[in-house]
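Just below is one structure, and these are the notes that go with it.
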Amino acid sequence: MTQQPMVLTPDQVNRYSRHIIMGDVGSKGQRNLLGAKALIVGAGGLGSPSAIYLALAGVGTIGIVDFDVVEISNLQRQILHHTSDIGRPKLDSARDNIISYNPDTNVVLHEVRLESHNAREIISQYDLVINGADNFATRYLVNDACYLEGKPLVDGSILIFDGQATLFLPGQGCYRCLFPEPPPPGEVPSCAEAGVLGMLPGLVGTIQATETVKLILDVGTSLASRLLLIDALDMEFRTVKLRRNPACPLCGDEPTVTELIDYEQFCAGASAEASANTVLEISPADFVSQRDSGWSPFLLDVRTSAEEQIVTLPGTDLRVSHLNILIEQHSLPKDRDIVVYCRTGGRSEAVASALSRVGFDSARLFNLAGGIHAWSDQVDSAVPKY
Ligand code: ZN
């Protein structure tokens, strides 16, 4: 970490007294925090609580990358900005509000869109990076740049009622180990399209800040090699193990990504590949008649837990939100046919396509055509067409 100040001032001793009396922090830990440099990508939902808590904790230098202007629709969750900030650049608003929380903080503003030509240079100035990116292109860019610069990446994402957080340490796995390629554009909706519960970024961003401070203090057990999954609707927290993938194009044994690429093109390219990938379909009527004559495929529901409570098809083996399917792919059998369903067949088709791209046999993957709605028409009219 960066050089720490040798002596705390009397004001600092008072301000950080609740830290200093902690055995795992103490005066030395607090000086480490004051000497640390953290970069936050995005002054939005995740970046807001991260920035505020890191400033309050005395993290000495906080860099922020953003180029947006505060809009009224941001205020439902982006606690770094106030109503009076509407129309201002987010960076100005972020700096003023961080300084009002803690004037000790050195706030460094990077008013740019993070891109391949500037990402490594900016990231290289910091000890670690907190990801608050809201799109896949930036997520892959930050992942690759952090790995190539050897910087820890505290990652987080949110959508609707779901959140995820993890810590990628260079050489111990990365985002590409988990998701070798981006989903086709449109397959995973954005928060602007699908919404997000206002306090969810508070929850995940605060976890990111906690992991950051633990990393600086070198205490506890981090989220490295684990992905924390948060389901705020059922208020369930669990972790799944993450492993470095030896075949990872970035951090694997024979990497093919050795410098930053064009991430917009990389993410757009996924759509062409996905549409070239045809998925087998089966109608609910055919599914039932074949199952009655002895076929026993694995039946996978890829809807949300809220939808599951409305209705579940008989014989469902597993429900996993389509957004988490690649994380949960190890729960699926590779030696059986798999039939995937959702409400009307769109998400399940995308899941079948995604599974075939990560190595499941496409001849054994079936999309239940028309989903629950077609089931209601063809098999059982008591099933609600919600
Ligand atoms: Zn990797």
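Because only heavy atoms are used, hydrogens play no part in the values below, and waters and symmetry mates are left out as well, while side chains stay in.
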Is [Y] close to [X] at the side-chain level, that is, under 4.5 Å between some pair of heavy atoms?
{"X": "K241", "Y": "S225", "value": "no"}
{"X": "L39", "Y": "K151", "value": "no"}
{"X": "V112", "Y": "V65", "value": "yes"}
{"X": "L215", "Y": "L169", "value": "yes"}
{"X": "L114", "Y": "V142", "value": "yes"}

Would K334 and F360 count as a cation-pi pair here, with the cationic atom under 6.0 angstrom from the ring centre and within 45° of the axis? yes

Ring of Y175, cation from R244 - is the NZ or CZ under 6.0 Å from the centre and inside 45° of the axis?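 Pair R244/Y175 does not count as cation-pi.
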
If you measure from CD on Q30 to CZ on R18, what distance do you get to the nearest 0.5 Å? 13.0 Å

Given the rule in the side chain to side chain donor-acceptor pair (under 3.5 Å) test, do N135 and T138 qualify, once you have shown the distances and angles that lead to the verdict? CA-CA 6 Å; N135 64 81; T138 308; 2.9 Å; yes

Do [X] and [Y] have a side chain donor and acceptor closer than 3.5 Å?
{"X": "D155", "Y": "T166", "answer": "no"}
{"X": "T304", "Y": "E307", "answer": "yes"}
{"X": "W295", "Y": "D337", "answer": "yes"}

Could you tell me whether [X] atom [atom1] has more than 12 heavy atoms of other residues or ligands within 6.0 Å of it?
{"X": "I21", "atom1": "CD1", "result": "yes"}
{"X": "D218", "atom1": "CG", "result": "no"}
{"X": "Y101", "atom1": "OH", "result": "no"}
{"X": "R113", "atom1": "CZ", "result": "no"}
{"X": "Y53", "atom1": "OH", "result": "no"}

Where the side chain of [X] meets the backbone of [Y], is there a donor-acceptor pair that is under 3.5 Å apart?
{"X": "N74", "Y": "E71", "value": "yes"}
{"X": "Q125", "Y": "E121", "value": "yes"}
{"X": "R120", "Y": "S116", "value": "no"}

Start with the C-alpha gap between R139 and D134, add the side-chain angles, then the distance that decides, and say whether salt bridge (charged side-chain N to carboxylate O under 4.0 Å, His left out) holds. CA-CA 8 Å; R139 194 164 288 283; D134 61 357; over 6 Å; no

Is R88 salt-bridged to D96, cutoff N-O under 4.0 Å? yes

May I ask you to say whether R238 pairs ionically with D231, meaning some side-chain N is under 4.0 Å from a carboxylate O? no

Stepwise side chain to side chain donor-acceptor pair (under 3.5 Å) test for N324 and Q164: CA-CA 10 Å; N324 289 339; Q164 299 175 1; 3.0 Å; yes

Taking the six-membered ring for Trp, are H373 and Y341 ring centroids under 6.0 Å apart?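 Ring centroids of H373 and Y341 are no less than 6.0 Å from each other.
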
Does the plane of the ring in Y16 sit parallel, tilted or perpendicular to the ring in H19? Use 30° and 60° as the thresholds.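 The arrangement is parallel - the two ring planes meet at less than 30°.
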
